[in-house]
J.: 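Once you've had a glance at the structure underneath, I'll fire off some questions.
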Amino acid sequence: MAGKTILILGGGVGGLIAANELRRRLPQEHRIVVVEKNALHAFAPSFLWLMTGDRTVEQITRPVRHLVRPGVEVIQAEARGIDHSRRCVEADTRRLPYDYLIISLGAEMVPEVIPGLAEGAHTFYTLDGTVKLRDALRVFDGGRVAVVVSALPYKCPGAPPEGAMLIADFFTRRRLRDKVDLHLFTPEPQPMPVAGPLLGGAVRQMLETKGVTFHPLHKLTAVDPQTRELSFEGKEPVRYDLLVAIPPHRGPHLIRQAGLANEAGWIPVDRATLITQHENVYALGDVTAIPIPGRWKAEVPLMLPKAGVFAHAQAEVVAHRIAAEIAGPGVSETFCGDGYCMLEAGEGLAGFAFGNFFAEPSPEIQLRKIGRAWHMGKVLFEQWWLAPFGLRRETLRLALKLGGKALGIPIVL
Ligand SMILES: Cc1cc2nc3c(=O)[nH]c(=O)nc-3n(C[C@H](O)[C@H](O)[C@H](O)COP(=O)(O)OP(=O)(O)OC[C@H]3O[C@@H](n4cnc5c(N)ncnc54)[C@H](O)[C@@H]3O)c2cc1C
């Protein structure tokens with residue numbers, strides 16, 4: 001059989017897992033090629049620890065090439081066009097042919113779509129933004145801090161409450177907590193609405209314990225960086241001294257141009273197989289739009305959250321399906337909608353939620369008591385993710401697997 005080329009666009013969470021799983025399963029005559037525009041990969045869950053000074057940039061970034069198995073080709077270039085009829089991708093000056101295409105390009109941050117936001121806000125949603133926020137937090141000596149989810153959808157529904165709680169903790173450590181008035185605003189009716197009222201109530205409780213005032217149903221319309229004022233649809237304006245925003249997200253330009261996106265700008269896929277409407281073209285992770293059972297308003301269907309845990313599981317499914325199609329004997333492995341989240345609460349503690357997001361009539365999410373084990377689990381996962389291939393990585397993998405098993409939770413690795 002002639003060697004096949006599997007081209008993977010995006011060397012983030014989904015792209016790296018897909019590449020490594022394919023390399024593990026396919027003989028060397030088949031090429032696994034990752035196209036990634038950045039030379040460095042940053043582990044996004046650790047942005048929160050970078051913000052509080054508990055990590056350095058060096059500790060949470062790695063060259064993309066160090067995170068792939070030997071035999072995976074990494075091309076550092078920006079993918080600019082997909083030609084489905086010729087089965088090739090334009091990447092900078094190169095034309096890259098494929099037999100199978102996996103699109104894992106994530107989401108773009110577009111703060112500029114809300115007036116004043118780009119000029120007025122800090123963020124912990126990008127590496128550079130987090131470094132600037134860390135420096136701003138270090139010199140902030142009191143006033144109102146507003147953490148604002150500026151638009152839906154956004155990745156990692158747990159990150160805004162986590163960020164607010166870790167900022168609270170940061171000022172406690174600096175002995176400034178009583179001088180900081182901390183607020184969390186979101187257009188949603190509760191924290192993490194996709195996970196249901198029980199979990200939302202528990203997260204609200206965690207925020208209250210940390211002295212964070214939660215403001216649901218606040219849709220940001222504009223920021224005035226001069227007067228430091230936030231405008232919300234149908235609400236009174238709010239003054240701030242330090243603004244920390246989760247910027248609006250958008251599907252990458254490339255997928256809209258390639259005719260792969262729906263009206264909202266994301267790629268619809270078969271939720272079980274992740275195949276798109278094009279033959280041999282898969283999409284996974286944040287770039288996809290996957291409706292799930294249930295709604296949080298009559299007219300708003302629930303969508304699968306954009307989270308690394310799903311990108312990871314979906315990448316494994318896609319890799320296994322492609323490998324089985326190429327090398328036989330064929331497999332029926334599908335993405336089942338299971339997911340979990342370790343929610344950092346500060347002081348070395350975290351909550352843990354997990355469940356099935358495809359459950360009918362709405363996702364069934366369980367919550368475990370807040371504790372040190374979940375925080376340790378998140379640290380272990382970070383260490384595993386950033387470790388090069390070898391003994392250390394395998395040991396961490398085993399520790400996580402065994403820990404997950406002992407605690408009765410399904411950890412995908
Ligand atoms: C602060 C924060 C905390 C988070 N915490 C968690 C958590 O605890 N648990 C969890 O499950 N998820 C978490 N997430 C979300 C998680 O990081 C994302 O959901 C996950 O990275 C999505 O994986 P992906 O492969 O779809 O996209 P990404 O990981 O974003 O990868 C996309 C890649 O495509 C590349 N790219 C984009 N366009 C091009 C192009 N044209 N050409 C070439 N390359 C391109 C990008 O550079 C990037 O490397 C968090 C996110 C943030 C911001």
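Ligands are counted one by one from 1 in listed order, and the atoms in each one are counted from 1 as well.
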J.: Which atoms of ligand 1 are found less than 4.0 Å from any heavy atom of V309?
T.: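 Matching atoms, with element in brackets: 10 (C), 11 (O).
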J.: Heavy atoms only, cut-off 4.0 Å: how does P45 contact ligand 1, side chain, backbone, both, or neither?
T.: both
J.: With under 30° as parallel and over 60° as perpendicular, where do the rings of Y154 and H249 fit, or are they tilted in between?
T.: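 Y154 vs H249 ring planes: perpendicular.
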J.: Does ligand 1 have an atom under 4.0 Å from some heavy atom of H41?
T.: no
J.: Counting neighbours of CD on E360 that are heavy atoms of other residues, nucleotides or ligands and sit closer than 6.0 Å, is the number greater than 12?
T.: yes
J.: Between ligand 1 and A107, is the shortest N or O to N or O distance under 3.5 Å?
T.: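 The answer is no, given that A107 and ligand 1 share no N or O pair closer than 3.5 Å.
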J.: Counting heavy atoms only, name the option from G10, S104, G163, C341 that's nearest to atom 32 (C) of ligand 1.
T.: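 Nearest option to atom 32 (C) of ligand 1, by heavy atoms: S104.
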J.: Among all protein non-hydrogen atoms, which one is nearest to atom 41 (N) of ligand 1, and what is the separation to 0.1 Å?
T.: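 I find the closest protein heavy atom is A79 O, 3.0 Å.
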J.: Would you list the pairs meeting salt bridge (Lys or Arg N to Asp or Glu O under 4.0 Å) in which at least one residue belongs to residues 248-269, sequence neighbours left out?
T.: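 Listed by first then second residue: E108-R250.
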J.: Mark the output for L9 as yes if a heavy-atom distance to ligand 1 is under 4.0 Å, and as no if none is.
T.: no
J.: From the options E162, E344, K37, select the one whose nearest heavy atom is closest to atom 44 (N) of ligand 1.
T.: K37
J.: Looking only at protein heavy atoms, which one is nearest to atom 35 (C) of ligand 1, and what is the separation?
T.: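 For this ligand atom, the closest protein heavy atom is E36 OE1, 3.2 Å.
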J.: Is there a donor-acceptor pair closer than 3.5 Å between any side-chain N or O of R174 and the backbone N or O of F140?
T.: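 Checked: pair present.
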J.: Tell me which protein heavy atom sits closest to atom 10 (C) of ligand 1, plus the residue, atom name and distance to 0.1 Å.
T.: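 Looking at atom 10 (C) of ligand 1, the protein heavy atom closest to it is G308 N, 3.3 Å.
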J.: Side-chain donor-acceptor pair under 3.5 Å between E344 and W49, yes or no?
T.: yes
J.: For Y282 and Y100, run ring pair (Phe, Tyr, Trp, His ring centres under 6.0 Å): C-alpha distance rounded to whole Å, both residues' side-chain angles, the deciding distance at 0.1 Å, then the answer.
T.: CA-CA 8 Å; Y282 293 82; Y100 293 86; 7.1 Å; no
J.: Going by the order shown, which atoms of ligand 1 are within less than 4.0 Å of some heavy atom of V35?
T.: 43 (C), 44 (N)
J.: Please confirm whether F352 and F354 have ring centers closer than 6.0 angstrom.
T.: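 For F352 and F354, the ring centres are under 6.0 Å apart.
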J.: Any donor-acceptor pair under 3.5 Å linking the side chain of R65 with the backbone of V74?
T.: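 Confirmed, R65 side chain pairs with V74 backbone.
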J.: Find out whether the Lys NZ or Arg CZ of R271 is both under 6.0 angstrom from the six-membered ring centre of F335 and within 45° of the ring's axis.
T.: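 Judged by the rule, R271 and F335 form no cation-pi pair.
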J.: Give the numbers and elements of all ligand 1 atoms closer than 4.0 Å to a heavy atom of A77.
T.: 42 (N), 43 (C)
J.: Taking the minimum heavy-atom distance to atom 17 (O) of ligand 1, which of A44, A91, A307 ranks first?
T.: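 The option holding the nearest heavy atom is A44.
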J.: Using a strict cut-off of 4.0 Å, indicate which atoms of ligand 1 neighbour a heavy atom of G285.
T.: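 So the answer, numbered in order with elements, is 26 (O).
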J.: Does an N or O anywhere in Y125 fall below 3.5 Å from an N or O of ligand 1?
T.: no
J.: Ignoring angles and geometry beyond distance, decide whether G14 reaches within less than 3.5 Å of ligand 1 through its nitrogen or oxygen atoms.
T.: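 Yes; the residue has a nitrogen or oxygen that sits under 3.5 Å from a nitrogen or oxygen of the ligand.
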J.: When you measure from atom 45 (C) of ligand 1 to every protein heavy atom, which one gives the shortest distance, and what is it?
T.: L105 CD2, 3.6 Å
J.: Are R321 and E316 within salt-bridge range, i.e. N to O under 4.0 Å?
T.: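 Salt bridge between R321 and E316, a charged N being under 4.0 Å from a carboxylate O: no.
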J.: Just checking F47 against Y125, ring centres under 6.0 Å apart?
T.: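 Centroid separation for F47 and Y125: 6.0 Å or greater.
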J.: List the closest protein heavy-atom neighbour of atom 26 (O) of ligand 1: residue, atom name, distance to the nearest 0.1 Å.
T.: D286 N, 2.9 Å
J.: Please check this pair: side chain of R23 against backbone of P27, looking for a donor-acceptor N/O pair closer than 3.5 Å.
T.: yes
J.: Does P252 come within less than 4.0 Å of ligand 1, judged by its heavy atoms?
T.: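 No, P252 has no heavy atom closer than 4.0 Å to ligand 1.
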J.: Any N or O of C156 that comes nearer than 3.5 Å to an N or O of ligand 1?
T.: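 Looking only at distances, the answer is no, because the N/O contact criterion of under 3.5 Å is not met.
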J.: In this structure, are over 12 heavy atoms from other groups packed under 6.0 Å from K235 atom NZ?
T.: yes
J.: Enumerate the atoms of ligand 1 whose separation from the nearest heavy atom of N38 is less than 4.0 angstrom.
T.: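 Matching atoms, with element in brackets: 47 (O).
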J.: May I ask whether G158 places a heavy atom under 4.0 Å from ligand 1?
T.: no
J.: Give me the nearest non-hydrogen protein atom to atom 1 (C) of ligand 1 as residue plus atom name, then the distance to 0.1 Å.
T.: F124 O, 3.4 Å
J.: Identify, for atom 29 (O) of ligand 1, the protein heavy atom at the shortest distance, and state residue, atom and that distance.
T.: V13 N, 3.0 Å
J.: Less than 4.0 Å between a side-chain N and a carboxylate O, is that true for R144 and D181?
T.: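 Salt bridge: yes.
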J.: Quick one: look up the protein heavy atom nearest atom 8 (O) of ligand 1 and list residue, atom name and how far away it is.
T.: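 Checked against all protein heavy atoms, atom 8 (O) of ligand 1 sits closest to K378 NZ, 3.1 Å.
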J.: What do you reckon, are the aromatic ring centroids of F310 and F357 less than 6.0 Å apart?
T.: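 Aromatic pair counts; centres sit under 6.0 Å.
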